[in-house]
Amino acid sequence: MVTSPHALASSAGVEALRAGGSAVDAAIATGAALAVLYPHMTSVGGDAFWLIYEAGSRRVRYLDGAGRAARGAGIDWFRSRGMSDIPLRGFLPATLTVPGGVASWCAAHEAYGRLPLARDLAAAIGYAREGFPVTGRLARWIDSCAKENVLNAHALELFTPVGEVPRAGDKLVNSALARVIERIATAGHEGFYAGETARSLAAFSRAGGGFFNEADFAAQRAEWGEPLSASYRGIEIFETPPPTQGFTVLEMLNLVEPYDLAAMDPLGPELAHLLIQAKQLAFHDRDRLLGDPKYQHVPVERLVSKPYAAERSRLIRADRALAWDLVPSYGTLTGDTVFVAAVDAEGNAAALIQSLYFVFGSGVVAGDTGIVLQNRSAYFSLDPQHPNRLEPGKRPLHTLIASIALKDGRPWQVLGCMGADGQPQIHLQSYVRLIEFGFDIQQVLEAPRWLSGRFAIGDPRDLLNIEGRFPQASVRELERKGHRVNRWPDWCELAGHAHGITIDPRSGMRVGGADPRSDGAAIGY
């Protein structure tokens, strides 16, 4: 089974499985197809992280595909030009970090691929060369970004090819990107990080006075590591470690585990009020402490421990919203990402999360390469004392997280979503609904969500965004407790695209879910 935010991408993954591929082959096929079909959400110019469950050894592995800051990057460059923050859009964030996602595809394939890499990438190459259908969501985001003047000339030429925003059902072609992916298919890692693609990207950077160069591309590698895990109601939940914010999910679950959540109304104010406070506490820790662990110690063992949660939980109040001055203003806003879940016949599972950060990332297509470049580096701090400060070769704090849960030592859930700061909150609400209320995965994904924090430029940081399908009585009670509520539409794309696969512990059957807020599908056989 495969699930992702675009039905054609999920189909590409299932085709890889039918051809004898592994869960990793399927995830690469799906992720690469999404880099073509969903260019506003992901790209070969972005980053990626993986959790992979090995059925043979019954262990979960972590793969880091974060791009590193160019060697010529530094705080002084920005501060000498009067900048207190890295720009959110444009050429500077586009070239400040090297894209890391392709390196992770290649590393995962080397370890677990059964099909040739060219076979995994065939669907993506075909859609880029022959054209792909524009969905209504993609058309709306092209229109929005074009009107906001966030797309550079190369991006406008690519996504508005006749000078007009495409409509749903139109076809877009990206033949330059097809050539880029073909080089990866032929030469693997070197096909992107050396040769013509790397030279073209470096030349684009130099021409505009950017940061990355050929040496930065040559140095980029994906790295294997150990995931984070914690138990909740006897279920072992794995999340991606620093520099990602995965620890916040485990901390939040630890904070709420002592409460009798199953006795609460799933859409009631009592449950939402408790979970929101857990989010505030975990994000306070994130924004104080999270950075690249190779440059700054991140005390994750303590942060995901039960004793630490017991200490922090003393701040939770039943009657009033937690004081928001506990939550620093740094590091929020919406983000756009794709999540892919794949499970093969042997029970191996892959959870792949990849992203550009903002919609269309930096808004920059790198010259004639057809590659949309991310703006993930905008998450770096220019405060020299902050653990997430910009330094050469460093990975920025990442909102990207993926999750796998084991029940009785066997895989039970593969879960993930898009949404930047919303991602841990969606993980939290999803696991609570799965474990406490017995929802199936599709019920979880369709349930109305709340997301706490700033999800648009200019929003206050104490905003509680809540989908319109929440009962009005719950909203009124949350407001009475001091929450500042913003009503989203009944189905709001800002509430995230979440996807998941449940593996039935008795039968081994796969049950997949796809978020109706996306264009996705769960497909199995």
Side-chain angles (χ1 to χ4, degrees), residues 45-47 64-101 103 150 152 193 198-221 223 242-245 286-299 328-333 335 355-358 361-364 366-367 371-400 420-421 454 457 461:
D47 289 350
D64 179 324
R68 300 181 182 278
R71 298 183 201 185
I75 290 175
D76 290 344
W77 190 95
F78 290 91
R79 300 185 85 177
S80 68
R81 289 160 175 79
M83 299 183 192
S84 57
D85 296 291
I86 296 170
L88 294 173
R89 298 277 198 178
F91 195 81
L92 295 182
T95 61
L96 190 54
T97 59
V98 175
V150 300
N152 75 342
Y193 294 97
R199 286 194 298 270
S200 296
L201 290 168
F204 175 75
S205 177
R206 275 193 297 272
F211 293 96
F212 59 48
N213 58 30
E214 291 92 340
D216 294 311
F217 275 82
Q220 181 66 38
R221 292 290 186 277
E223 295 184 359
T244 85
Q245 60 179 339
R286 182 198 72 169
D287 290 347
R288 286 187 303 121
L289 301 169
L290 184 56
D292 187 336
K294 291 192 174 183
Y295 289 73
Q296 180 86 18
H297 174 65
V298 183
S329 60
Y330 172 78
T332 56
L333 286 178
S355 177
L356 288 165
Y357 188 27
F358 276 26
S362 61
V364 171
I371 299 172
V372 182
L373 293 175
Q374 66 185 347
N375 63 329
R376 181 60 61 177
S377 62
Y379 229 110
F380 275 124
S381 172
L382 297 182
D383 177 356
Q385 304 305 314
H386 198 282
N388 188 40
R389 63 187 173 273
L390 173 63
E391 296 180 74
K394 190 175 186 178
R395 299 167 294 178
L397 181 159
H398 262 277
T399 54
L400 299 182
D421 280 6
R454 178 184 293 146
I457 294 174
R461 63 190 176 101

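This chain uses plain numbering: 1 for the first residue, then up along the sequence.
For A94, the side-chain contact (heavy atoms from CB on, under 4.5 Å) partners at least two apart in sequence or on another chain are S362, V364, L373. R68 pairs by the salt bridge (charged side-chain N to carboxylate O under 4.0 Å, His left out) definition with E223, not counting sequence neighbours. Residues passing the salt bridge (charged side-chain N to carboxylate O under 4.0 Å, His left out) test with R389, sequence neighbours excluded: E391. Considering only residues two or more places apart in sequence or on other chains, T95 meets the side chain to side chain donor-acceptor pair (under 3.5 Å) condition with none of them.
Nearest approach of G100 to Q220, heavy atoms of both residues: CA-NE2, 3.9 Å. Closest heavy-atom contact between H386 and S381: CB-OG, 3.6 Å. In terms of heavy atoms, Q245 sits closest to A420 at NE2-O, 3.2 Å. Here the closest heavy-atom approach between residue T399 and residue D421 is recorded as CG2-OD1, 3.7 Å. Closest non-hydrogen pair, P396 versus G67, comes out as CD-O, 3.7 Å. In plain terms, the two heavy atoms of K394 and F380 that are nearest each other are O-CZ, 3.3 Å.
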Distance-only donor-acceptor pairs under 3.5 Å for side chains of residues 70-82, two or more places apart:
from : atom 1 : to  : atom 2 : distance (Å)
S80  : OG     : D76 : O      : 3.0
S80  : OG     : W77 : O      : 3.0
R81  : NH1    : W77 : O      : 2.9

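Between atom CG of residue L96 and atom CD1 of residue I86 there is a gap of 5.5 Å, rounded to the nearest 0.5 Å. With rounding to the nearest 0.5 angstrom, the CG atom of D47 is 10.5 Å from the CZ atom of R395. From T244, atom OG1 reaches atom CG of D64 across 8.5 Å, with rounding to the nearest 0.5 Å. Of the inter-residue distances, the one linking N213 atom CG with L201 atom CG reads 11.5 Å to the nearest 0.5 angstrom.
Under the 4.5 Å side-chain criterion, counting only non-hydrogen atoms from C-beta, P387 is not in contact with V298. Proximity of V98 to Y193: side-chain heavy atoms (C-beta onward) are separated by under 4.5 Å at one or more points. Residues Q374 and Y357 are not in side-chain contact: their nearest non-hydrogen atoms beyond the backbone lie 4.5 Å or more apart. No side-chain heavy atom of L290 sits under 4.5 Å from any side-chain heavy atom of N388.
Applying the side chain to side chain donor-acceptor pair (under 3.5 Å) rule to pairs touching residues 200-211 yields R206-E214, sequence neighbours excluded.
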task: Please assess F204 against F91 for the test ring-ring contact (aromatic ring centres under 6.0 Å, His included), listing each intermediate value before the final yes or no.
output: CA-CA 10 Å; F204 175 75; F91 195 81; 5.3 Å; yes
task: List the steps and the verdict of side-chain contact (heavy atoms from CB on, under 4.5 Å) for F211 and L92.
output: CA-CA 8 Å; F211 293 96; L92 295 182; 3.9 Å; yes
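For the pair S377 (side chain) and P93 (backbone), a donor-acceptor distance under 3.5 Å is present.
Between F212 and F217, the ring-plane angle classifies as perpendicular under the 30° and 60° cut-offs.
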